[in-house]
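Note sheet for the following structure.
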Amino acid sequence: CPPADLLADMVARGIAVDVNATLDAALPLFDSAGTPFLPVTAETDGDTRVLGAVFHVDALKALNRALAATAAEEHS
């Protein structure tokens, strides 16, 4: 995981993805932020908490798996 201070700085600049975000919401953020990872946050009692990070390559792998599964369903 990237350093906590770097993640906190990104969150302060508005570069983060909510823990409940979809790939459709997260993938454009990678392009606009130009970083290989995004902080993952959650709101708790009005405070934003950093839970960790999601890496662009992992998001793309998840998208690829979802597309492959959909293709397999359509051809079965």
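Quick note: residue numbers are just sequence positions, from 1.
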Shortest non-hydrogen contact between Val11 and Ala16, atoms and distance: CG2-CB, 3.9 Å
Quick one: which residue pairs count as a side-chain hydrogen bond (donor to acceptor under 3.5 Å, both in side chains) with a foot in residues 35-50, not counting sequence neighbours? Glu43-Thr48
For Ala62, side-chain contact (heavy atoms from CB on, under 4.5 Å) partners two or more places apart: Leu23, Arg65
Residues at least two apart in sequence or cross-chain that pass side-chain contact (heavy atoms from CB on, under 4.5 Å) with Ala25, listed by chain then number, are Ala21, Thr22
Output for pair (Ser32 OG, Leu38 CG), nearest 0.5 Å, gives 8.0 Å
Closest non-hydrogen atoms of Leu7 and Gly52, given as atom of the first, atom of the second and distance, are CD1-O, 4.0 Å
Check the pair Leu27 / Leu63 against side chain to side chain contact (heavy atoms under 4.5 Å, CB included), numbers first and verdict last. CA-CA 9 Å; Leu27 287 172; Leu63 178 61; 3.6 Å; yes
Sequence neighbours excluded, which residues qualify as side-chain contact (heavy atoms from CB on, under 4.5 Å) partners of Pro28? none
Do any pairs count as a salt bridge (charged side-chain N to carboxylate O under 4.0 Å, His left out) and have a residue in residues 7-35, sequence neighbours left out, and if so which ones? Asp9-Arg13
Work out which heavy atom in Ala26 is nearest to a heavy atom in Val17; give both atom names and the distance. CB-CG2, 3.9 Å
Listed once per pair and sorted, the ring-ring contact (aromatic ring centres under 6.0 Å, His included) pairs that draw on residues 18-40, sequence neighbours left out: Phe30-His56, Phe37-Phe55
The side-chain contact (heavy atoms from CB on, under 4.5 Å) partners of Ala12 (sequence neighbours excluded) come to none
Between Ala53 and Pro2 the two heavy atoms that sit nearest each other are CB-CD, 3.7 Å
